[in-house]
Protein chains: 2
Amino acid sequence: MVKPSGQTAPDTKTRILDAADEIFVRRGIDGARMQEIADQAGVNKALLHYHFRSKADLARAVWHRIASSFVPGILHMMASDLSLDEKIDQFVDAYHRRLTRHPYLLPYVISEAARHPDLVDNLYSPERRQAARHMIDKLREQIDAVAKARRIAPVSAEQFFITLAGSCLYPFVARPMISEALGLSTTKFEGFMERRRRELPAFLKRALQP
Amino acid sequence: MVKPSGQTAPDTKTRILDAADEIFVRRGIDGARMQEIADQAGVNKALLHYHFRSKADLARAVWHRIASSFVPGILHMMASDLSLDEKIDQFVDAYHRRLTRHPYLLPYVISEAARHPDLVDNLYSPERRQAARHMIDKLREQIDAVAKARRIAPVSAEQFFITLAGSCLYPFVARPMISEALGLSTTKFEGFMERRRRELPAFLKRALQP
DNA sequence: GTCTATACTCTGATAGAC
DNA sequence: GTCTATCAGAGTATAGAC
């Protein structure tokens, strides 16, 4: 559910999109049933095909909406004039808050991206790609500056960004396996993640500026 | 494809299992077709139901085999008497080598684990759970020892293990999104990952022993 | 725009011969 | 154990009334 929760009652098309979002994210595209989406939206199944020609089209529409709500905000923050430390704090904090509320979202994005490569093409428009490049350039400047001040070798900006993303996002992706491996109940896992939100930024900063 | 490639020609049941492995991993359980698995195995579709009662049972068998090939080796290595640095090196190296060869494997595990929670129950037997606990304890000892020598606060062993896993595994999980975000062609992504395999261990060690 | 009814396809599963 | 043939159910999509 990555719907912009506006004030006015949503029209049918939006209600279908909201419903499809929820069902697709929960069951996966292949596992989702048009009937279940119709039920969730409180409309007839045929109406889904009226507004969105096919299941694949509906899936594309949902995917596009998720991408639009996910990517630009983070790109903007990471390209801003915030300090490196603040960026790390905000990145970790933003994703922890967000993904805690939507635990199915990331596994959904991962699995559909792996299985339906065409969906990924819509993730980055040329402008967004340009913004991503700019973000990395900005990050590189900051990392180099810090490294120079500390007289240590700088790490690659791309590598650092993926390390940041990976260490932050992986628990949301692999939650069931982690719970099993570490023997964490639901409550304990939540405690683990809360602690992680507080401690991970310090760990990453330390690697960057020893 | 996590088949133990033995010498003798595999019997039919194993051939089916190998085929199912490949198809399930590529298409997901819901997206996989019994017919395609049968074709891949070079046998009749009915034979699948003779050896494995249903599609769900076949999926469980495949899942179990993947888990058995994935988990114990890493647990054993991480619980060994290798130094902390060597463990980081080996963890990163082992997964990079392995997942480069089987790029679909991890997204498959992630998505099926999220969608079919019962599958995860089979991942860790009581003995394996015990081994995992022992591994974490051993890791904690080593981290504490290093921290004490350097007069810094130790990080949580659980947190470190997940950070190690996340920063190492995430690129294999989110490859399509990363390629899009950083504008990497297939060749460039491979270069990126090769560089990562070399540089990530140093980054992690630095955070642990600044 | 929204519904009812239905066509048609796909696919998991079984029966039964060899 | 392996195959051929077939069924039953599920699920996407469409036709057509309102």
Side-chain angles (χ1 to χ4, degrees), chain A residues 3 6 8-65 104 108 111-112 115-119, chain B residues 3 6 8-66 104 108 111-112 115-119 122:
Chain A
K3 51 190 173 191
T8 57
D11 61 356
T12 304
K13 196 165 178 177
T14 307
R15 286 220 320 284
I16 293 175
L17 224 36
D18 290 343
D21 191 317
E22 185 162 337
I23 303 300
F24 278 141
V25 167
R26 186 158 57 213
R27 307 236 184 261
I29 295 175
D30 291 332
R33 298 294 151 237
M34 295 296 266
Q35 184 60 58
E36 195 178 1
I37 295 173
D39 293 346
Q40 173 78 22
V43 299
N44 191 278
K45 199 173 51 146
L47 210 53
L48 270 52
H49 288 90
Y50 172 79
H51 284 288
F52 306 87
R53 211 176 50 82
S54 66
K55 185 185 179 182
D57 279 4
L58 179 53
R60 261 187 291 275
V62 167
W63 178 270
H64 184 263
R65 211 174 52 151
Y104 289 94
Y108 167 76
S111 41
E112 301 306 343
R115 228 155 272 151
H116 308 279
D118 55 301
L119 287 178
Chain B
K3 51 192 172 190
T8 57
D11 61 356
T12 304
K13 196 165 178 177
T14 307
R15 287 222 318 284
I16 292 175
L17 224 37
D18 290 343
D21 191 318
E22 185 162 339
I23 303 299
F24 279 141
V25 168
R26 186 158 56 212
R27 306 234 186 261
I29 295 175
D30 291 332
R33 298 293 150 236
M34 295 296 266
Q35 185 59 58
E36 193 178 3
I37 295 173
D39 293 347
Q40 172 77 22
V43 300
N44 191 278
K45 195 172 55 138
L47 210 53
L48 271 51
H49 288 91
Y50 172 79
H51 285 287
F52 306 86
R53 213 176 51 81
S54 66
K55 185 185 180 182
D57 279 3
L58 180 54
R60 261 187 291 276
V62 167
W63 178 269
H64 184 263
R65 211 174 53 152
I66 290 178
Y104 289 95
Y108 167 75
S111 40
E112 301 305 345
R115 227 156 275 151
H116 308 279
D118 56 300
L119 286 177
N122 293 353

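All heavy atoms count here, side chains included; hydrogens, waters and symmetry mates do not. Per chain, numbering begins at 1; letters A, B, ... match sequence-line order. These numbers were taken from a predicted model, which means no experiment stands behind them.
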Taken to the nearest 0.5 Å, the spacing of A:R115 CZ from B:Y104 OH works out to 10.5 Å
Could you please spell out the steps behind the side-chain contact (heavy atoms from CB on, under 4.5 Å) verdict for B:W63 and B:I29?
CA-CA 10 Å; B:W63 178 269; B:I29 295 175; 5.9 Å; no
Closest listed nucleotide, where the reference is the side chain of B:V43 and the choices are D:dC3, C:dT4, D:dT2:
D:dC3
CG of A:N44 versus P of D:dG16: gap in Å, rounded?
17 Å
Nearest to the side chain of A:A46 - C:dT4, C:dT11, D:dT12?
C:dT4
Could you tell me whether B:R27 and A:D30 have a side-chain N and a carboxylate O separated by less than 4.0 Å?
no
Per atom distances to the B:K55 side chain, the nearest of C:dA13, D:dT12, D:dT2 is C:dA13
Which is true for B:A32 with a 4.0 Å heavy-atom rule: it touches a base, it touches only sugar-phosphate, or it touches nothing?
sugar-phosphate
From CG of A:D39 over to C1' of C:dC3, roughly how many Å is that when rounded to an integer?
14 Å
Side-chain N or O of A:T12 less than 4.0 angstrom from OP1 or OP2 on C:dT2?
yes
Is there, by distance only and without an angle test, a donor paired with an acceptor across the side chain of B:K45 and the base of C:dG12 below 3.5 Å?
yes
In whole Å, I'd like the distance from the OH atom of A:Y50 to the P atom of D:dA15.
15 Å
If every non-hydrogen atom of A:A61 is compared with every non-hydrogen atom of A:F52, which pair is closest and at what distance?
CB-CE2, 3.9 Å
Between atom CD1 in A:I29 and atom C1' in D:dT12, what is the gap in whole Å?
15 Å
Let me know the distance between CG of B:L47 and C1' of C:dC18, rounded to the nearest Å.
14 Å
Whole angstrom is fine here: how far is it from CG in B:L48 over to C1' in D:dC3?
13 Å
Rounded to the nearest Å, what distance is computed from the CE atom of residue B:M34 to the C1' atom of nucleotide D:dA8?
16 Å
Minimum-distance nucleotide to A:S54 side chain [options: D:dT2, D:dA13, C:dA13]:
D:dA13
Between D:dG11 atom C1' and A:I23 atom CD1, what is the distance in whole Å?
15 Å
So does B:R53 get a side-chain nitrogen or oxygen closer than 4.0 Å to the phosphate oxygens (OP1/OP2) of C:dA13?
no
Is the shortest side-chain N/O distance from B:H49 to OP1 or OP2 of C:dA15 below 4.0 Å?
no
Determine: side-chain N/O of B:R33 to OP1/OP2 of C:dG12, distance under 4.0 Å, yes or no.
yes
Name the residue from B:D18, B:L17, B:I23 that meets the side-chain contact (heavy atoms from CB on, under 4.5 Å) definition with B:I37.
B:I23
